[in-house]
Amino acid sequence: MTPLFPAPGSSLTVCGSLSLHPAPVGAAMHLAGYRALGLSFTYVPFRVARVADLEGAVRGIRALNVRGAGISMPFKQAILPLLDELDPVAARIGAVNTVVNDEGTLTGHNTDAIGSARALEEVMTIRGARVLVIGAGGAARAIAFALADRGAALTLANRDEDKARSLADETSATAAGLDAISRGPWDAIVNATSVGMGDGRTSIVPEEAIAAGQVIMDIVYKPLETELVRAATRRGARAIHGGRMLLHQAAGQFELYTGQPAPLAAMDAALADHVIKPPGSHDGRDKPSS
Ligand code: NAP
């Protein structure tokens with residue numbers, strides 16, 4: 001077990017998260033990673049009492065020398081003016097999900113971007129692939145920039161088409177309405193909307209629009225077994241559930257905090273203890289098909 005208190009003469013590095021409603025899964029993944037590498041780190045999911053307390057919470061990170069913190073909604077944009085520096089990717093996305101504290105200098109990062117790319121790269125090559133991202137909210141922004149930077153032929157579809165157009169302009173993508181889902185052909189479809197969150201029974205992708213061999217990634221992770229993941233599995237597509245992006249964005253944070261490669265297997269096992277994986281979906285253990 002990672003010690004909560006350091007042995008005499010040694011120090012303990014504290015990381016954590018700032019959230020209105022802390023969930024145990026982030027702490028579980030990070031603590032498992034620290035344990036696997038024998039690091040003298042610990043992780044505290046800090047609960048911010050009220051939205052208006054964000055500024056005080058950020059002052060606390062600095063004052064208490066907390067090494068890094070995950071940032072949840074609704075703080076991902078509000079935290080921008082409270083930071084000293086922004087990583088270029090986070091600056092372009094305009095949102096921060098991770099803060100790194102280097103001796104009092106706070107830098108904002110966005111590991112949702114790399115997390116989504118790594119989740120897809122486990123099963124496909126992004127460069128040149130025809131990828132449809134559905135959504136134009138915060139998560140879709142991070143995914144769109146990540147995939148555009150990696151050379152995907154990107155189309156963005158959203159219920160509010162104006163939002164899709166504006167994001168497409170920023171990422172050199174093509175904008176579309178939701179009718180594009182059935183038009184294809186798409187090598188990969190990513191659901192970056194919140195449709196399916198909660199009871200997991202609704203899907204924004206009609207089942208008949210899913211083809212065998214296609215990659216279907218649902219970023220919704222509550223629940224992991226969404227109707228989209230079930231339909232993709234039934235149709236013989238490569239289904240990626242929202243846990244993969246969740247794992248890889250946490251791995252990106254881990255690497256920023258510790259400077260070491262994330263022990264993915266240990267972090268994945270901790271994720272699995274907190275969420276039940278859907279049968280037949282991609283779990284990252286098989287080889288990329290490229
Ligand atoms: P957000 O900023 O509120 O954006 C919501 C998006 O969903 C918008 O594009 C919205 O379209 C669309 N939408 C909502 N209800 C819809 C409906 N009934 N029909 C069609 N489109 C609908 O939310 P977010 O932060 O991007 O998060 C989206 C989801 O991603 C959440 O479930 C979140 O938990 C998940 N997420 C997962 C990860 C991960 O690591 N796996 C990371 C971040 C977020 P309009 O613009 O037309 O309203």
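Numbering starts at 1 and runs along the sequence shown.
- The backbone N or O of Val195 lies less than 3.5 Å from a partner atom in the side chain of Asn191, making a donor-acceptor pair.
- The side-chain heavy atoms of Arg150 and Ile114, taken from C-beta on, include a pair separated by under 4.5 Å.
- Thr105 and Asp84 form no side-chain donor-acceptor contact under 3.5 Å, judged by distance and modelled atom types alone.
- Using a 4.5 Å cut-off on side-chain heavy atoms (C-beta onward), Thr174 and Leu156 make no contact.
- Trp186 places no side-chain N or O within 3.5 Å of a backbone atom of Thr155 that could act as its donor or acceptor partner.
- Taking 4.0 Å as the cut-off between side-chain N and carboxylate O, Asp179 and Arg183 count as a salt-bridged pair.
- In summary, of the residues considered (Arg118, Glu122, Glu121), a side chain to side chain donor-acceptor pair (under 3.5 Å) with His248 occurs for Glu122 alone.
- His30 and Phe41 have their aromatic ring centers separated by at least 6.0 angstrom.
- Between Arg235 and Glu208 there is no salt bridge, since no side-chain N of the basic residue sits under 4.0 Å from a carboxylate O of the acidic one.
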Pair Asn110, Lys76 - check side-chain contact (heavy atoms from CB on, under 4.5 Å), show working.
CA-CA 9 Å; Asn110 192 314; Lys76 288 183 175 182; 5.9 Å; no
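- Counting heavy atoms from C-beta outward, Val58 and Leu106 have side chains that approach closer than 4.5 Å.
- The backbone N or O of Ser19 lies less than 3.5 Å from no partner atom in the side chain of Ser17, so there is not a single donor-acceptor pair.
- Just one residue in the list Leu147, Ile143, Thr125 forms a side-chain contact (heavy atoms from CB on, under 4.5 Å) with Leu120, and that residue is Leu147.
- Listed for the Gln214 side chain is a donor-acceptor partner under 3.5 Å among the backbone atoms of Ala211.
- With contacts defined as side-chain heavy-atom distances shorter than 4.5 Å, the pair Val99/Asn101 does not qualify.
- No more than 12 heavy atoms of other residues, nucleotides or ligands sit less than 6.0 Å from atom CD of Glu55.
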